[in-house]
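The structure appears right after this line, and notes come after that.
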Amino acid sequence: MASLSMTQIRAGNWASGFGLNWAGRVQGSPSSVGFKVFASETQATEPDLSVTVNGLHMPNPFVIGSGPPGTNYTVMKRAFDEGWGAVIAKTVSLDAAKVINVTPRYARLRAGANGSAKGEIIGWENIELISDRPLETMLKEFKQLKEEYPDRILIASIMEEYNKAAWEELIDRVEQTGVDAIEINFSCPHGMPERKMGAAVGQDCALLEEVCGWINAKATIPVWAKMTPNITDISQPARVALSSGCEGVSAINTIMSVMGINLTTLRPEPCVEGYSTPGGYSAKAVHPIALGKVMSIAKMMKSEFDSENYSLSAIGGVETGGDAAEFILLGANTVQVCTGVMMHGYGLVKKLCVELQDFMKKHNFTSIEDFRGVSLEYFTTHTELVRRQQEAIQKRKAIKKGLQSDKDWTGDGFVKESESMVSN
């Protein structure tokens, strides 16, 4: 948790920026998942896309998700120059020498008969690990980026083995670069769990609580916990992370998958020397699953936490402004994009901003807060759906049935009363 002193720079559109100065981390209050609607009657200017999340000011809610799009100085600089609201760097750990990637490490699923090579890409699997670049190199680049873009939000993604001292060292070294926040990778589904890292922690609530305790006792800047979807009830680890001091949660990371089997070679894809391993699934096909997981977390946060003081960053299959609007309608403060950037490039942010603003104009919303969480109240249990439908059917039958007795006829409503008993 942290207290702030800040000077806000005007942010009326996606290209605007902000300046801020963190004054230390205090236990007790993070920042922001509210669910009220305030739609204005008229709009003289373009809708404002700027957001404030855990005290961090972003010109728009679109964040580069941790992965290849944030793998080095050059690409992160490009993201800032194109106008992304924030950048989350590729996950780092103390000893990059233990990280050894293979090639090929991606496989794609296309729409159309038998995965036609000409079909639209709807699914993307990766077996890529965290950053294999030396930590010292990544830290130097973080520092350089913050010196060149002091008013932009840079978030470090970190992961370590089950070792308190290692976590404390990594947090200390990362914070010294001046990054604005930390995202903890508790969700990488492949490779890292073999070392009791990533999803191995995120799937074990007792382990997660302990590690979050270490992290939040050390960190002096906001901490987000990145959740794995490879679990029955994602709200459980999200609850543990927030209860253990994290200011926010991010969801979802990739879904454990096997992309397919080559029916000619009979080998799995992606194929490395004739073999493969299950990997993480992303892109458009995971969007409905991500919506369900984000909805579950948002409902839990709304009912159990002071949702104005905690944040939710949504991830999963975002390629359009409409995709992002759906996450925000469920209560997300920000929306991360990773695979979408790998498919469409860093310029995608301009399209996302325009499309999100078009959605806002259509509904007369002037800010993100106007519609954040609006759709959450319309989710309920199946039992409640049955009750509501039965009640509605009874009302319709009552209207259709018309008058019960001749004594019910009235002079004023005679025509309508007659029509109420017509069958067609």
Side-chain angles (χ1 to χ4, degrees), residues 64-76 78-79 87-93 95-110 115 117 119-135 137-138 157-161 183 185-200 202 226 228-230 252-286 289-290 315-319 336-346 348:
I64 291 287
S66 181
T71 197
N72 61 46
Y73 166 84
T74 301
V75 297
M76 289 187 279
R78 175 66 181 274
V87 173
I88 303 178
K90 193 172 185 182
T91 304
V92 297
S93 62
D95 189 359
K98 294 181 181 179
V99 181
I100 303 173
N101 276 301
V102 294
T103 301
R105 51 181 175 265
Y106 305 139
R108 300 178 295 190
L109 179 68
R110 294 181 181 270
E120 176 188 7
I121 297 171
I122 59 172
W124 186 293
E125 184 198 1
N126 83 87
I127 54 173
E128 186 162 312
L129 303 180
I130 62 175
S131 178
D132 57 10
R133 305 178 72 219
L135 177 62
T137 301
M138 291 293 282
S157 173
I158 66 174
M159 182 195 292
E160 255 310 320
E161 296 181 0
E183 183 180 78
N185 188 338
F186 289 133
S187 46
C188 181
H190 50 268
M192 310 317 293
E194 297 166 15
R195 295 168 52 194
K196 211 169 185 180
M197 300 168 75
K226 190 170 184 179
T228 175
N230 303 301
I252 59 175
N253 206 325
T254 52
I255 300 169
M256 183 65 83
S257 66
V258 170
M259 182 55 80
I261 307 297
N262 185 309
L263 297 182
T264 300
T265 65
L266 312 185
R267 302 299 178 102
E269 301 287 352
C271 192
V272 180
E273 309 303 332
Y275 292 81
S276 192
T277 188
Y281 193 50
S282 60
K284 183 179 294 187
V286 310
I289 299 170
I315 316 162
V318 173
E319 295 182 33
Q336 296 185 29
V337 186
C338 181
T339 306
V341 177
M342 296 172 72
M343 293 168 57
H344 305 292
Y346 291 90
L348 175 65

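We use all heavy atoms of the structure for the numbers below, so side chains are in, but hydrogens, waters and symmetry mates are not.
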Please tell me if the side chains of [X] and [Y] come closer than 4.5 Å, counting only heavy atoms from C-beta onward.
X: Ser66; Y: Glu183; result: yes
X: Leu109; Y: Trp124; result: no
X: Cys338; Y: Pro69; result: yes
X: Asn126; Y: Tyr281; result: no
X: Cys188; Y: Met159; result: yes
X: Asn262; Y: Glu269; result: yes
X: Lys90; Y: Ser157; result: no
X: Ile64; Y: Ile88; result: no

Between [X] and [Y], is there a donor-acceptor pair closer than 3.5 Å when you use the side chain of the first and the backbone of the second?
X: Thr339; Y: Ser282; result: no
X: Tyr106; Y: Glu128; result: no
X: Ser131; Y: Arg133; result: yes
X: Glu125; Y: Met259; result: yes
X: Asp132; Y: Val99; result: no

- Could you walk me through whether Thr103 and Arg105 pass the side-chain hydrogen bond (donor to acceptor under 3.5 Å, both in side chains) test, one step at a time? CA-CA 5 Å; Thr103 301; Arg105 51 181 175 265; 3.2 Å; yes
- Query: To the nearest 0.5 Å, what is the distance between CG (Asn185) and CE (Met197)?
  - Reply: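 It comes to 8.5 Å.
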- Query: When rounded to the nearest 0.5 angstrom, what distance separates CD1 in Ile289 from CD1 in Ile252?
  - Reply: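 Taking CD1 in Ile289 and CD1 in Ile252, the distance rounds to 6.5 Å.
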Testing the basics here: between [X] and [Y], what is the closest heavy-atom pair and its distance to 0.1 Å?
X: Pro68; Y: Val75; value: O-CG2, 4.2 Å
X: Ile130; Y: Thr91; value: CB-O, 3.5 Å
X: Met76; Y: Ala89; value: SD-CB, 3.7 Å
X: Ser187; Y: Lys226; value: OG-O, 3.1 Å
X: Pro189; Y: Gly280; value: CG-CA, 3.9 Å
X: Met256; Y: Asn230; value: N-OD1, 2.9 Å

- Query: With a 4.0 Å cut-off, would you call Arg108 and Glu120 a salt bridge?
  - Reply: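 Salt bridge flag = no for Glu120 with Arg108.
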- Go through the side-chain N and O atoms of Asn253 and Thr228 and say whether any donor and acceptor fall under 3.5 Å apart.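 Result is no, nothing qualifies.
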- Task: Kindly determine whether Arg110 and Ile122 satisfy side chain to side chain contact (heavy atoms under 4.5 Å, CB included), including the steps that lead there.
- Result: CA-CA 6 Å; Arg110 294 181 181 270; Ile122 59 172; over 6 Å; no
